[in-house]
Amino acid sequence: MNATFLGELDQIVGREGVLRDPTDLLTYESDALARLRRRPGVVVLPKTAADVQAVVRHCHQNAVPFVARGHGTGLSGGALPAPDGVLIVLTRLNRILDVDIPNQRVTVEPGVVNLDVTQRVAPFGYYYAPDPSSQLVCSIGGNVAENSGGAHCLKYGFTVHHVLGLEAVLPNGEMVHLGGATLDTPGLDLLSVLVGSEGTLAVVTKVTLRLVRIPEAVRTLLAAFPSTEDAGNAVSEIIAAGIVPAAVEMMDRLTITAAEAAVHPGFPSAEAVLIVELDGAKAEVAELFGLVERICRSARATEIQIARDGEERARIWKGRKAAFAAMGRVSPNYYVQDGVIPRTKLPEVLRRIRALEVESGLRIGNVFHAGDGNLHPLVCYDERIEGQGALAERVASEILTYCIEAGGSITGEHGVGADKVQAMAHLFTADDLETMQLVRCAFDPTNICNPGKIFPTPRLCGEVPGPYRRHPIERAGLAERF
Amino acid sequence: MVDGAARSLTDLMAGAETVAGRGTARAAAAGDAIDGVLPRIVVEPPSAEAIADTLAWASRDSLSVVIRGGGTKLDWGTPPRAVDVVLSTTRMRAVLAHRHGDLTATVEAGAPLAAVNRELARHHQWLPLDPPSTDRATIGGIIATNDSGPRRHRYGAPRDLILGVGMARADGHLAKAGGIVVKNVAGYDLARLLTGSFGSLAVIVSATFKLFPLARTSRTVAIDIAGARELQSLASAFLASQLTPTALELELPPPRLLVRFESVEAAADEQAREAVSLAAAQGAKARVLQDGDETAMWDAHDRRPWEGRGAIVKVSVLVSDLGDTLTWLAEAAGIDDCEVTGRAGLGVLLIRVDGDAEAQARLLTALRQRIPVGRGSAVLLRGSRELKARVDAWGPIGDGLDLMRAVKQRFDPSGILNPGRGPGGI
């Protein structure tokens, strides 16, 4: 990169805030999707929103692309650096700026870790609801970029349901404030578009989040089933009974085995387990929990473990949340897929995945947010065997085809990033994608903000078209425009 | 600049019927007037494609278009300057799919909310929105205004429940965003962008929502309260408690708090009892309503601000600012000159301000001065032309306004959709 450009960056964030040594850059070549790697031109570590704004403005003035990155736990290559671009790492913007319990909100910088928010407000009886499995390490800024969910989003929603206000630096270096401290702010709801835009529209520098009161009662059970179909039927019965659980998670034999090997949660040996959690008012939870238990038994559950206290509940969740990482215990390499199906299509899609397992010769584990239809197939492979990596990738993308054919989506929470840009063209029409790009062009007409992500074909934005005016000869009725 | 006024009515009718189909257009009548402005024609396209074709024609001919569902909120916000075409969604009222096992439904934009919920109730589910006039207010209009009611406390507004949208763009292309599944992060969230856009970006033709099971039992605790400060203090006590009401409403005069619990019977009863004790602990008198009394009470509450003739202002403040705001309001406006209902737990109020336009304008301006940008807002929904000539309906938008204008420019470069009437006057 150009020395003058780099010198300016030194001026903005200080020399120690700029990394350009190849060994320093190595860390930042990828996010948690390690198979996509690209060396950034330079890494900057700003400490304040003003620093971020100055860096972005500098990029804009020099037509240099930039990518924002939080703690690098993304699973779709959303923070994959732009070649010859600036990687803006936001880990030093890690302050909790304001805790406002009476109004049930906090304001934080983007580098704050998800779980730190809950830990900060728990003494007051509150928590921050979105709980991605990586919540021990992932950042709020990354959650905003990906519209992260978690096991409890069936009842409590995703990041977009919990963000009230954003401060963000636009690709031209201007700072905007969208939403605010209160629920309703007049104007187009650009906040909701910015959440989940995977860092392609702006760099978020401040976030106001809603907090949720810790419920009066929480009850959790783990039920073992002789097949995933039986477990699936139990979920259908729970929904049909008019129950909205706080969470319903399903794991199959392979992922149970892996979790057991890694963190010993004491899961029974079974073809499938369901974790069902209810929360809310004590009387409601008591009555409905009994119903859930009866439903599981009549759906052929072979064993039911009921968490007696917080510790036992934590143990069950540890087994579930460790499932991805635990796959390392049963396979040298694995590919984490993230697809969504209408929940009722689960039996059909699982059958197809099983057939694919046989056909490809690769083992596929399944972790499933069963309440909301978010499927995480884990495709096992061994990269030392010639061609298996590529095969795993094909198998994983075949599963996405099943999801699309079932009426679902190519991603429920990991994002499109750099990984699934091609699949976007299967899920959406050219007109759909073009319409989304209208937003992109309004925010980032020169395409320097996390370029190459989400969309299969970049769009040149061009000038904003002015109001259409008819030509005088059209007006006179002498010609028509076709 | 739109220039449809240059066209003859016969031309307009013929043009509309060519694109939307025979028998879909008529000359506007007095009942079609929007805030006193009479449009030229009304078009009722029978399909998404016909809506798209109508928009392509309107774009080509630079005709200004106002989108109409049930017409219950057309007088909100800025009055139009001139309207060539009212595009009505009235022929698009089907529930396209109710996937009850997945707790989702896809509905055409012109379907009235109450009709949709009657259909969903067959499987004991509902789209948990309860804005005013549900018998006439359509899905499209409710999305376009992000309108909601008391149960927003538990279920959120349309922006919290929408999963996907089908739209017709100003240039006549049909597009979709989101999908039919409850969890989906593929692509930009245009469904939420259109929610609350007041018809300024595209025409919503259909939408998919997340549904909820119908609750088995409902109880409401009605609490009489001494004044605004006590109201805020009790509302805060409910928020801090572990009770899970589906609505936490205030109304005045006289000041009351209405707390609704919907669950299984045992839980609704137990929570109602706890709510009564919580009120008693603060010296307030409470009673529990159920069945017919409860329904009648909520119907009256929902109608309250809209019944009088005054201007309606929607105010959003921090819950901790509620007491001050209400006290100030009572002093500034006089308790007899305004009526308030609203979401006590969310800080969202509907205030009806009576009196003449000058007094209303003074009050709204003073109210806005009290609320710094980013800490709340006061938007004029319904108001006389005299009032709207004196004050901007939207009030300050903040530093995002240029960006909103840029989005509008990209979506509707000819400026045909609800010109000047979008949020912030976009």
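Below, chain A is the first sequence line, B the second, and so on; all start at residue 1. Computed from a predicted structure; not experimentally measured.
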Q) Between A:K282 and B:E274, does at least one N-O distance fall below 4.0 Å, as a salt bridge requires? A)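 Here A:K282 does not pair with B:E274 in a salt bridge, since their nearest N and O are not under 4.0 Å apart.
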Q. Which one of A:T429, A:D432, A:D431 satisfies the side-chain hydrogen bond (donor to acceptor under 3.5 Å, both in side chains) criterion with B:K176?
A.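 Of the listed residues A:T429, A:D432, A:D431, the side-chain hydrogen bond (donor to acceptor under 3.5 Å, both in side chains) partner of B:K176 is A:D432.
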Taking C-beta and beyond as the side chain, do [X] and [Y] meet within less than 4.5 Å on heavy atoms?
| X | Y | value |
| --- | --- | --- |
| A:V195 | B:D189 | no |
| A:L183 | B:R343 | no |
| B:S200 | A:L188 | yes |

Q: Kindly state each residue pair satisfying salt bridge (Lys or Arg N to Asp or Glu O under 4.0 Å) with at least one member in residues 146-163 of chain A, sequence neighbours excluded.
A: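 Applying salt bridge (Lys or Arg N to Asp or Glu O under 4.0 Å) to every pair that reaches into residues 146-163 of chain A, excluding sequence neighbours, yields A:K155-A:D279.
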**Q.** Nearest atoms (heavy-atom pairs only) where B:F212 meets A:V244
**A.**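 For B:F212 and A:V244, the tightest heavy-atom pair comes out as CD2-CG2, 4.1 Å.
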Please flag which part of [X] lies under 4.5 Å from any non-hydrogen atom of chain B: side chain, backbone, both or neither.
| X | value |
| --- | --- |
| A:S197 | both |
| A:L438 | both |
| A:L170 | side chain |
| A:L191 | side chain |
| A:P215 | backbone |
| A:E287 | side chain |
| A:F158 | side chain |

So for [X], is it side chain, backbone, both, or neither that comes closer than 4.5 Å to the heavy atoms of chain A?
| X | answer |
| --- | --- |
| B:L346 | both |
| B:V319 | both |
| B:R152 | side chain |

Where the side chain of [X] meets the backbone of [Y], is there a donor-acceptor pair that is under 3.5 Å apart?
| X | Y | value |
| --- | --- | --- |
| B:R410 | A:C461 | yes |
| A:R213 | B:A240 | yes |
| A:N103 | B:S320 | yes |
| A:H161 | B:D160 | yes |
| B:K210 | A:L154 | yes |
| B:Q242 | A:I214 | yes |

Q) With chain A, which of B:L193, B:L318, B:V264 has the greatest number of heavy-atom pairs at distances under 4.5 Å? A)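 Answer, by heavy-atom pair count under 4.5 Å with chain A: B:L318.
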Q) For A:H152, which residues count as a ring-ring contact (aromatic ring centres under 6.0 Å, His included) partner, sequence neighbours excluded? A)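 So A:H152 forms a ring-ring contact (aromatic ring centres under 6.0 Å, His included) with A:W317.
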